[in-house]
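So that the names make sense, note that chain A is the first sequence line, chain B the second, and so on, each numbered from 1. Keep in mind that what you see is a predicted model, and the values were worked out from it rather than measured. No hydrogens, no waters, no symmetry mates; every other heavy atom, side chains included, goes into these values.
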Amino acid sequence: MTGTHGDHGNRAQGLGETRISRRRMLKHAGAAGALATAGRPLLAAGGAALGSSLATPAVSRAQDGITLRGIFLPATWGTVTQEVLAPEYTAQTGVNVVIDLIGRDAIHDRMGTLFVAQDSSYDIFNVDYNWVPEFARAGHLLAMDDLLSAPEMAGDDFLPRALDVARWEGVLYGIPQTVHPHILWYRKDLFEEAGLEPPATMQEWREIVEQFQGQTFGDQEVYGWAAQAARGFGNVHTWLTFLYSFGGSTFNFETMEPTLTTPEATEATAFWADMMRFTPPGINDYTYDEVTADAAAGRIATCLQWSWGAFAVDDPSISKTVGLWEFVKVPAGTASVPHLAEWVIAVSNYSQQQEEALKFIQWLESPENDVRQALLGGGDPVRASSYENPELTEATVEGFPGLLRFRRYPETLEAMQTTQPRPLFPEEERWEQVVSVPLHAIQLGEMTVEEGLAKAQDDVNRMMQELGYF
Amino acid sequence: MSAGRSALPREQVRSRRRHLVPYLVMLPALLFLLAVSIVPLVYSLVVSLLRFNLMNLDRTGFVGLRNFQLILESPDFWNSLRVTALFVVIAVGLELVLGLALALVLSRDVPGIGFFRSFILVPLALAPVVVGLLWRFMLNTESGVLNWIVTLFGLPRLDFLSNTLLALPIIALVDVWQWTPFMFLILLAAIQALPHEPFEAAAIDGASTWETIVHIALPMLRYPILVAVLLRTIDAFRVYDLIFMMTRGGPINATDTLSWSVYNVGFRNFNMGYAAALSWIILIIVTVIVTIFIRLLSGRGEQPA
């Protein structure tokens with residue numbers, strides 16, 4: 001999940017994710033059920049053909065007996081799919097959709113082993129986009145360009161960068177389910193009390209976090225900022241936002257030579273390492289969960305966090321800071337370029353029911369269901385139209401009239417204009433592991449910025465040579 | 001005559017059949033062993049000689065000992081070996097000392113001892129992943145109970161799991177918490193099987209408790225201790241669950257054990273050739289350790305009774 005469950009992807013679920021989504025789901029499920037029932041004649045009437053094979057899900061029970069199996073992430077979008085949308089699809093079409101939820105690393109392991117055995121047990125997979133090149137190159141994923149170009153899919157409506165990361169060598173292998181670029185969260189009340197404006201540049205942000213670090217508000221000691229920093233993908237994902245925002249890059253993509261020791265990379269890394277001084281104790285082991293917990297507890301003044309995670313701080317059952325967080329784009333070094341996190345849905349090339357799998361994905365990621373997934377507490381939408389839909393833009397937090405539930409969306413949408421993904425090549429997962437170690441050494445002060453980046457450069461060079469890139 | 005001539009071969013046939021019976025009885029077990037152990041072992045040896053990545057099968061090819069060479073040239077391997085060795089020494093060493101001490105104390109027949117003996121075994125019943133998660137929570141810098149205790153003494157909170165000096169010893173201590181009862185169980189059984197006479201004689205001769213333990217109990221417990229240490233060493237060498245749940249090899253690479261490296265290379269990078277070679281190196285190391293222990297054990301008959 002690109003870190004949405006932190007480095008320890010198989011650990012306990014994110015703070016309150018399931019509780020929140022279930023409550024919201026219960027609220028919306030009734031309406032969803034009614035919509036499903038009422039919508040049957042409409043769906044039947046509007047079931048225009050999708051190419052030759054991908055018709056809108058038929059409402060007859062002709063497909064009874066078909067079972068689709070999928071593996072999704074146990075984050076809110078996976079839970080919503082498992083508990084609400086899949087049963088609803090079954091009720092509409094007779095196609096039984098069984099969704100298993102397993103942690104991030106376990107999904108990757110499972111996909112690898114199932115694919116090598118050409119096993120058809122599972123048809124659909126929730127895929128962290130950085131795995132697309134790896135599995136697509138090996139021929140394990142079904143190309144989905146036809147699905148995207150079907151009129152009913154309204155392919156033009158998808159956020160362009162969300163689609164770009166699901167492609168390998170120009171072919172689409174996944175349909176986006178949720179995007180969550182980094183945005184800067186800040187405590188509006190603390191900023192007002194201190195007479196501060198949200199930062200527009202990295203330098204302004206640094207001055208602000210230094211000012212907040214160690215201050216006490218009420219009886220709560222506050223730290224400047226937090227972000228994922230644990231070894232694994234956590235620290236890499238945070239560092240990438242700094243790297244990109246200072247104009248750096250991970251590779252020269254023409255030669256695939258690493259570019260980790262450029263002046264831009266060095267400046268970005270030095271800035272990030274310096275910023276780590278203004279974080280809570282234990283930061284070097286922080287995953288998504290710890291950042292969210294600190295934000296909900298009011299222990300931090302700002303944080304660099306996935307846009308989607310903001311739902312947790314507006315839940316009064318787990319948060320002391322409901323309504324106190326606001327959101328702006330990532331402060332600019334030379335520009336504001338947040339790192340992108342995103343999950344897509346892919347179909348196994350070994351599935352015996354690819355047509356049915358594509359129909360389900362078409363339904364799940366339809367414009368209507370993109371909005372409904374957000375309302376049910378799933379991930380942030382992947383379609384541009386959803387960000388303008390009044391159902392979302394005017395929705396308020398339950399029990400807090402006037403507090404916009406999705407007030408982060410304008411910043412999220414803006415971030416999606418400039419966001420950059422992790423380097424897209426088949427061995428990216430390994431690249432993250434390699435880079436993560438020297439970055440952790442820099443964080444912990446065991447290496448200087450120059451030493452750490454030099455080691456990262458050497459290690460990546462060695463890896464790329466071993467892999468035959470040069 | 002003719003009857004006698006025909007009886008002899010029949011007897012020989014029966015005899016041969018009798019000789020075959022043990023082999024026939026063993027055959028299913030041998031076939032099972034061949035299928036689940038020998039064949040995978042040989043296969044993994046073959047894989048270790050290949051460039052073989054599950055996600056890039058086009059580049060598959062015979063590379064001889066290249067994977068082994070890459071491993072031995074890699075500083076990461078030597079770091080993992082050092083980390084693993086350190087973990088085994090700390091964990092197994094402490095488990096032995098504590099397990100023996102507990103066994104000596106709880107071998108006495110006093111009221112309520114049965115409860116303590118049962119209670120002490122509870123950690124053994126927990127899955128290592130549960131133990132890892134439990135301790136991860138308890139060691140949390142902000143909300144962990146251990147840091148709460150630390151602050152009661154006016155000390156600053158400690159980043160237990162992101163401190164390069166503390167992380168490995170702490171994981172070893174968690175292992176000690178879980179596996180000391182195993183050591184205790186073996187040694188308690190051994191202590192209870194010891195003959196009373198040498199101890200009674202020592203008491204009559206005026207030996208102190210310490211002298212009795214050092215000069216009588218420990219020599220008599222030598223072989224149970226060796227067996228217990230051998231089993232725990234093999235197990236500790238493969239530590240994976242605790243690392244997965246608590247540090248994932250970090251901070252930096254301070255808890256990168258060999259098993260964790262195999263997982264990373266094999267199941268996250270799908271580099272099966274390298275992972276198989278690494279597994280074979282681990283197997284060779286463990287085999288050397290086991291051989292040393294077995295040599296020590298096989299000296300049993302030469303020891304005075």
Side-chain angles (χ1 to χ4, degrees), chain A residues 7-12 105-106 108-113 115-116 131 133-140 229-232 234-235 280-287 290 293-294 297 299 426-427 429-430 432-434 436-447 452 459 462-463 466-468, chain B residues 51-59 61 63 66-67 70 73-76 79 129 132-134 136-137 139-144 147 156-165 167 241 243-256 261 263-272 274:
Chain A
D7 194 13
H8 304 258
N10 290 345
R11 286 187 201 154
D105 290 351
H108 185 253
D109 298 353
R110 187 78 67 89
M111 287 177 75
T113 47
F115 286 160
V116 167
W131 304 337
E134 180 180 28
F135 292 127
R137 181 184 65 179
H140 298 315
R231 188 195 121 160
N235 63 346
I283 187 70
N284 294 307
D285 205 25
Y286 265 37
T287 66
E290 281 81 19
D294 275 4
R299 276 195 290 267
E427 291 84 8
E429 189 79 4
R430 182 173 168 191
E432 283 186 48
Q433 295 165 36
V434 168
S436 178
V437 174
L439 287 180
H440 216 223
I442 293 171
Q443 286 168 237
L444 288 161
E446 302 273 337
M447 283 185 181
D459 290 350
R462 193 163 42 247
M463 179 188 104
E466 184 196 320
L467 292 169
Chain B
R51 183 197 295 122
F52 184 36
N53 189 307
L54 294 180
M55 292 302 130
N56 196 4
L57 295 174
D58 291 347
R59 291 189 77 224
V63 291
R66 174 73 177 149
N67 286 323
L70 283 173
E73 286 174 358
S74 164
D76 293 339
N79 174 66
V129 285
L133 191 62
L134 190 76
R136 183 174 167 76
F137 285 141
L139 291 162
N140 186 281
T141 312
E142 281 292 319
S143 55
N147 260 313
R157 291 176 181 276
L158 290 168
D159 294 348
F160 290 109
L161 295 179
S162 48
N163 183 309
T164 48
L165 294 176
D241 321 56
I243 306 292
F244 182 86
M245 296 310 295
M246 295 178 72
T247 59
R248 298 207 144 206
I252 312 175
N253 53 6
T255 60
D256 253 334
S261 300
Y263 163 76
N264 257 341
V265 174
F267 289 95
R268 292 191 70 192
N269 303 336
F270 299 120
N271 189 349
M272 291 300 165
Y274 193 97

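- Heavy-atom distances place the side chain of A:Gln433, and not its backbone, under 4.5 Å from chain B.
- With a 4.5 angstrom heavy-atom cutoff, A:Glu466 touches chain B via backbone and side-chain atoms both.
- Counting heavy-atom pairs closer than 4.5 Å to chain A, the top-ranked of the candidates B:Thr164, B:Leu57, B:Leu161 is B:Thr164.
- Ranked by heavy-atom pairs shorter than 4.5 Å toward chain B, the options A:Asn235, A:Asn284, A:Thr113 are led by A:Asn284.
- At a 4.5 Å heavy-atom cutoff, the contact between A:Pro281 and chain B is made by backbone and side-chain atoms alike.
- When all heavy atoms of B:Ile252 and A:His440 are compared, the closest pair comes out as N-ND1, 2.8 Å.
- In this structure, B:Met246 and A:Asp285 approach most closely via the heavy-atom pair O-OD2, 4.5 Å.
- Considering all non-hydrogen atoms of both residues, B:Asp159 and A:Gly282 come closest at OD1-N, 3.0 Å.
- Counting heavy-atom pairs closer than 4.5 Å to chain B, the top-ranked of the candidates A:Gln443, A:Glu446, A:Arg462 is A:Glu446.
- Residues B:Asp58 and A:Arg137 are not paired through a salt bridge, judged by the lack of any N-O separation under 4.0 Å between the basic side chain and the carboxylate.
- Ranking B:Asn271, B:Asn147, B:Asp256 against chain A, the residue ahead of the rest is B:Asp256, based on heavy-atom pairs under 4.5 Å.
- Only the side chain of B:Arg59 comes within contact range of chain A, with heavy atoms under 4.5 Å apart.
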Start with the C-alpha distance between B:Phe267 and A:Asp105, add both sets of side-chain angles, then the distance that settles side chain to side chain contact (heavy atoms under 4.5 Å, CB included), and finish with yes or no. CA-CA 9 Å; B:Phe267 289 95; A:Asp105 290 351; over 6 Å; no
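- Interface remark: A:Val437 contributes backbone and side-chain atoms alike to the contact with chain B (heavy atom separation under 4.5 Å).
- Both the backbone and the side chain of B:Ser162 have a heavy atom closer than 4.5 Å to some heavy atom of chain A.
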Given the rule in the side chain to side chain contact (heavy atoms under 4.5 Å, CB included) test, do B:Thr141 and A:Glu290 qualify, once you have shown the distances and angles that lead to the verdict? CA-CA 10 Å; B:Thr141 312; A:Glu290 281 81 19; over 6 Å; no
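- With no hydrogens or angles considered, no side-chain donor-acceptor pair links B:Asn53 and A:Glu427 at under 3.5 Å.
- B:Phe270 pairs with exactly one of A:Glu429, A:Arg430, A:His108 by the side chain to side chain contact (heavy atoms under 4.5 Å, CB included) rule, that one being A:His108.
- Counting heavy-atom pairs closer than 4.5 Å to chain A, the top residue among B:Ala254, B:Gly132, B:Gly249, B:Gly266 is B:Gly249.
- We find the CD-OH distance between B:Glu142 and A:Tyr286 to be 5.5 Å, quoted to the nearest 0.5 Å.
- Residue contact with chain A, scored on non-hydrogen atoms closer than 4.5 Å, is absent for B:Ser143.
- For B:Leu54, the parts lying under 4.5 angstrom from a heavy atom of chain A are both the backbone and the side chain.
- Among B:Leu70, B:Asn253, B:Asn56, B:Val265, the residue making the largest number of heavy-atom pairs under 4.5 Å with chain A is B:Asn56.
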